[in-house]
Amino acid sequence: MSKFDAKYLRMAKIWATNSYCKRRQVGALLVKDNMIISDGYNGTPAGFENVCEDENGVTKPYVLHAEANAITKVAQSGNSAAGATLYVTASPCMECSKLIIQSGIKRVVYSDEYRLDDGIRLLKRAGIEVEKLEVE
């Protein structure tokens, strides 16, 4: 465990407050060599209205998760996520876990459990270090 883990995770929680989503706000930071190389929060794609849920309160199918936003943002920047640590406020889902594996992220630190744990199981199967950390 890094001495900065709790601080980066608290920063991800603050970043989550940028989300327009009502059901759940999630934030993510990608850190490599003690530098934040990307960030993300859950929300709609660029250019879409900032409304995550439909009239019934169900999350729209095109809403991006915080992890996906951070990973695609680092790809756009020309940086590499290889060897990085992802700090995320909710444990990654299966789809985000596939992106995490493919992007070369080596470690995931999260604070809250997602309703399914298949993403965490996949990360562990891929040899990615996964750590749950309680932060206020």
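Note that the structure is predicted; figures quoted are calculated from it, not measured. The first residue of the sequence shown is numbered 1, and numbering continues consecutively from there.
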Can you establish whether the number of heavy atoms outside Lys132 located under 6.0 Å from its atom NZ is more than 12? yes
Are the side chains of Tyr87 and Arg107 in touch, meaning some heavy atoms are under 4.5 Å apart? yes
In terms of hydrophobic clustering (I, L, V, M, F, W, Y; side-chain heavy atoms under 4.5 Å; direct or indirect links), are Phe4 and Met11 co-clustered? yes
Under the salt bridge (Lys or Arg N to Asp or Glu O under 4.0 Å) rule, collect the residues that match up with Arg10, sequence neighbours excluded. Glu136
If you count the non-hydrogen atoms of other residues, nucleotides and ligands that lie under 6.0 Å from CD in Glu131, is the total more than 12? yes
Counterpart residues, ring-ring contact (aromatic ring centres under 6.0 Å, His included), relative to Phe48 (two or more places apart): Tyr62
Are Val51 and Tyr20 connected in a single hydrophobic cluster, I mean Ile/Leu/Val/Met/Phe/Trp/Tyr linked by side-chain heavy atoms less than 4.5 Å apart? no
Side chain to side chain donor-acceptor pair (under 3.5 Å), paired with Thr59, selected from Arg24, Arg23, Lys22: Arg23
So, does Asn56 use its side chain to make a donor-acceptor pair with the main chain of Val58 at under 3.5 Å? no
Measure the spacing between CG of Asn69 and CG of Leu30 and express it to the nearest 0.5 Å. 11.5 Å
One should read off an interatomic distance between Asn42 CG and Leu64 CG, to the nearest 0.5 angstrom, of 9.5 Å
Is a donor on one side and an acceptor on the other found under 3.5 Å between the side chain of Thr89 and the backbone of Gly27? yes
Over all heavy atoms of both residues, which pair between Ile120 and Pro92 is shortest? Give the atoms and the distance, please. CD1-CD, 3.8 Å
Taking all non-hydrogen atoms of both residues, which atom of Tyr8 and which atom of Leu29 are closest, and how far apart? O-CD1, 3.5 Å
Test side-chain contact (heavy atoms from CB on, under 4.5 Å) on Ile101 and Arg125 and set out the steps. CA-CA 10 Å; Ile101 293 165; Arg125 181 176 168 196; over 6 Å; no
Treating Ser97 as the side-chain partner and Gly119 as the backbone partner, does any N or O pair qualify as donor plus acceptor under 3.5 Å? yes
Is a side-chain donor or acceptor of Thr44 paired with a backbone partner of Glu49 at a separation under 3.5 angstrom? yes
Are Val26 and Leu86 connected in the hydrophobic side-chain network, where two residues link if heavy atoms are under 4.5 Å apart? yes
Shortest non-hydrogen contact from Cys96 toward His65: SG-CB, 3.4 Å
dist Arg121:CZ -> Ser91:OG (nearest 0.5 Å) comes out at 11.0 Å
Does a sphere of radius 6.0 Å around NZ in Lys106 hold more than 12 heavy atoms from other residues, nucleotides or ligands, not counting ones at 6.0 Å or beyond? no
N/O donor-acceptor pairs under 3.5 Å from side chains in residues 75-85, not counting sequence neighbours:
from  : atom 1 : to    : atom 2 : distance (Å)
Ser77 : OG     : Val74 : O      : 2.7
Ser77 : OG     : Asn79 : N      : 3.2
Ser80 : OG     : Ala82 : N      : 3.1

What are the two closest heavy atoms between Cys21 and Val63, and how far apart are they? SG-CG1, 4.2 Å
Closest non-hydrogen atom pair between Tyr114 and Cys93, with its separation: CE2-CB, 3.8 Å
Can you name the nearest heavy-atom pair linking Val108 to Val88, along with the distance? CG1-CG1, 4.2 Å
Roughly how far apart are Leu9 CG and Glu134 CD, rounded to 0.5 Å? 9.5 Å
Roughly how far apart are Lys60 NZ and Cys52 SG, rounded to 0.5 Å? 8.0 Å
Hydrophobic cluster membership, with links at side-chain heavy-atom distances under 4.5 Å among I/L/V/M/F/W/Y: are Ile105 and Leu99 in one? yes
Does Ser19 reach the main-chain N or O of Tyr41 with its side chain, forming a donor-acceptor pair under 3.5 Å? no
Linking I/L/V/M/F/W/Y whenever any side-chain heavy atoms sit under 4.5 Å apart, do Ile71 and Met94 land together? yes
To the nearest 0.5 Å, tell me how far Leu123 CG sits from Tyr110 OH. 9.5 Å
